[in-house]
There are 2 protein chains.
Amino acid sequence: MPDSEDLMSIRQMCAAYDVTPRTLRFYESKELLFPVREGQKRLFTKSDRARLKLILRGKRFGFSLEEIRQLLELYNIGDQQQTQLQRTYEIAQDRLADMERQRAELDEAIAELREQLDWGAKIIASMNQAKKAAE
Amino acid sequence: MPDSEDLMSIRQMCAAYDVTPRTLRFYESKELLFPVREGQKRLFTKSDRARLKLILRGKRFGFSLEEIRQLLELYNIGDQQQTQLQRTYEIAQDRLADMERQRAELDEAIAELREQLDWGAKIIASMNQAKKAAE
DNA sequence: AGTAAAGCTTACGTTGACGTAAGCGTAACG
DNA sequence: CGTTACGCTTACGTCAACGTAAGCTTTACT
């Protein structure tokens, strides 16, 4: 089975990934997706869907579309020249380092927020105590 | 020692935290910072500096300034009424859950990126092999 | 044949987070 | 006393990431 079954219309994509048509066209214009055409109409391949998942995840981390586009090149390594590939490899390493720094900070922030919440919980409890005593 | 020594000019702030004056004024206008005034001039307190650190960290996680403003209320709990406090507490809990979800995703993404990098390293190595053999 | 649904292109609008320029005050330096 | 440095306000500009509206096709009913 080739990719005959493998193609999705823009509406199907929108339903499947909870995005608007505009968003998909916009991503194509920015060369993040490469749907094939049947006449005028876009048809999205399995590969487009894989890329879209990565795009949406990247966005949740606050990466810009341009950064995501560079990351996506990693998944396209097959047809690159070596120097290009080397460059992409370096970008990805930097990004990985960024993500690990971000993870460390996130851990710290979570810990602090937890403390703060414990403190807040105590205060709320003591206010309830006071209220009860006043009745 | 009161806060006599505790105050910084806008330039000092910029140097210390690597932001522009515009940014600090903007944060004030959005009620994220509350510098005192000496005549016209802004003077930033220790409390402003603590807030600024939190703002900058929040930004690295992709939080919007408005979200950050709400989080900062947590650090101001002292003078709130209980219902307000309860509300803030809930917001913080949601935010904590968000952050933990984000951390889980980040872990996943890091793992995948690592795999991808290993793969890329192998390819680069084999290309070097081929190049060597061709000489 | 009529019309509703899905798709397309072109192009202007919007929001957040500042950048940047204009014009003014004042304080210190040479 | 001129000018350089720092600071202020007001206000228009910008960039990313789409939203939204207009106007035109093609396909699918009924």
Side-chain angles (χ1 to χ4, degrees), chain A residues 4-45 48-49 51-73 91 95 98 102, chain B residues 6-45 48-49 51-73 91 95 98 102:
Chain A
S4 319
E5 270 296 274
D6 198 18
L7 300 169
M8 285 175 60
S9 78
I10 199 168
R11 287 288 156 181
Q12 291 175 316
M13 289 292 283
C14 292
Y17 296 94
D18 191 32
V19 293
T20 69
R22 169 62 171 146
T23 297
L24 294 175
R25 297 192 191 108
F26 183 71
Y27 289 170
E28 185 191 10
S29 79
K30 294 285 171 173
E31 307 195 57
L32 291 165
L33 298 177
F34 306 93
V36 298
R37 297 294 178 122
E38 181 189 54
Q40 281 261 70
K41 302 188 176 179
R42 279 166 250 259
L43 292 175
F44 294 83
T45 69
D48 287 314
R49 293 197 290 280
R51 272 190 230 103
L52 182 54
K53 281 183 203 168
L54 291 171
I55 294 169
L56 297 176
R57 191 171 64 192
K59 287 203 57 187
R60 286 198 295 279
F61 298 141
F63 294 153
S64 75
L65 291 184
E66 175 54 24
E67 287 171 326
I68 292 173
R69 203 187 57 74
Q70 301 208 5
L71 266 181
L72 284 176
E73 284 181 12
I91 292 178
R95 184 62 54 212
D98 280 353
Q102 193 170 344
Chain B
D6 199 16
L7 301 168
M8 285 175 61
S9 78
I10 199 168
R11 289 288 155 180
Q12 291 175 317
M13 290 292 283
C14 293
Y17 296 95
D18 191 32
V19 294
T20 68
R22 170 61 171 147
T23 297
L24 294 175
R25 297 192 190 109
F26 184 71
Y27 289 169
E28 185 190 10
S29 80
K30 295 285 171 174
E31 306 195 54
L32 292 164
L33 297 177
F34 306 94
V36 300
R37 298 293 177 123
E38 181 189 53
Q40 280 262 72
K41 302 185 177 179
R42 280 165 249 260
L43 291 175
F44 295 83
T45 70
D48 287 314
R49 294 196 291 279
R51 272 190 229 103
L52 183 53
K53 280 183 203 168
L54 291 172
I55 294 169
L56 296 177
R57 190 170 64 192
K59 287 203 55 186
R60 287 198 293 278
F61 298 141
F63 293 153
S64 74
L65 291 184
E66 175 54 23
E67 287 172 325
I68 292 172
R69 201 187 58 74
Q70 300 208 5
L71 265 180
L72 284 177
E73 284 182 12
I91 292 179
R95 185 63 54 211
D98 280 353
Q102 191 171 347

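By convention in this document, chain letters (A, B, ...) are assigned in the order of the sequence lines, proteins followed by strands, and residues within each chain are numbered from 1. Heavy-atom basis, side chains included; hydrogens, waters and symmetry copies ignored.
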K.L.:
Quick one: A:M8 CE to C:dA6 P, roughly how many Å, whole number?
P.N.:
15 Å

K.L.:
Atom CD of A:E38 and atom P of D:dT27: how far apart are they, to the nearest Å?
P.N.:
9 Å

K.L.:
Going by side-chain contact (heavy atoms from CB on, under 4.5 Å), name the residues that satisfy it together with B:K30, two or more places apart in sequence or in a different chain.
P.N.:
B:F26, B:L32

K.L.:
Starting at atom CE of B:M13, determine the distance to atom P of D:dC8, rounded to an integer number of angstrom.
P.N.:
12 Å

K.L.:
Would you check if A:D18 and A:L56 make a side-chain contact, meaning some heavy-atom pair closer than 4.5 Å?
P.N.:
no

K.L.:
Does OP1 or OP2 of C:dA6 have a side-chain N or O of A:R25 closer than 4.0 Å?
P.N.:
no

K.L.:
Report yes if some heavy atom in the side chain of B:L24 is under 4.5 Å from a heavy atom in the side chain of B:D48; otherwise report no.
P.N.:
no

K.L.:
What is the separation between atom CZ on A:R37 and atom P on C:dC8, rounded to the nearest whole Å?
P.N.:
6 Å

K.L.:
What nitrogen or oxygen pairs link the protein and nucleotides 15-20 of chain D at under 3.5 Å?
P.N.:
residue: D:dA17; atom: OP1; partner: A:L65; partner atom: N; Å: 3.0
residue: D:dC18; atom: OP1; partner: A:K59; partner atom: NZ; Å: 3.2
residue: D:dC18; atom: OP2; partner: A:Y27; partner atom: OH; Å: 2.7
residue: D:dC18; atom: OP2; partner: A:K59; partner atom: NZ; Å: 3.0
residue: D:dC18; atom: N4; partner: A:R22; partner atom: NH2; Å: 3.4
residue: D:dG19; atom: OP2; partner: A:T20; partner atom: OG1; Å: 2.8
residue: D:dG19; atom: OP2; partner: A:T23; partner atom: OG1; Å: 3.4
residue: D:dG19; atom: N7; partner: A:R22; partner atom: NE; Å: 3.0
residue: D:dG19; atom: O6; partner: A:R22; partner atom: NH2; Å: 3.0

K.L.:
Are any of the side-chain heavy atoms of B:R69 and B:I55 separated by less than 4.5 Å?
P.N.:
no

K.L.:
Could you tell me how far apart A:L43 (CG) and C:dC8 (C1') are, to the nearest whole angstrom?
P.N.:
13 Å

K.L.:
Could you state the atom-to-atom distance from CG of A:L7 to P of C:dA6 in whole Å?
P.N.:
19 Å

K.L.:
Evaluate side-chain contact (heavy atoms from CB on, under 4.5 Å) for B:D6 paired with B:R49, printing each intermediate quantity in order.
P.N.:
CA-CA 10 Å; B:D6 199 16; B:R49 294 196 291 279; 3.0 Å; yes

K.L.:
With A:E28, which residues qualify under salt bridge (Lys or Arg N to Asp or Glu O under 4.0 Å), at least two apart?
P.N.:
A:R37, A:R42

K.L.:
CZ of A:R42 versus C1' of D:dT26: gap in Å, rounded?
P.N.:
15 Å

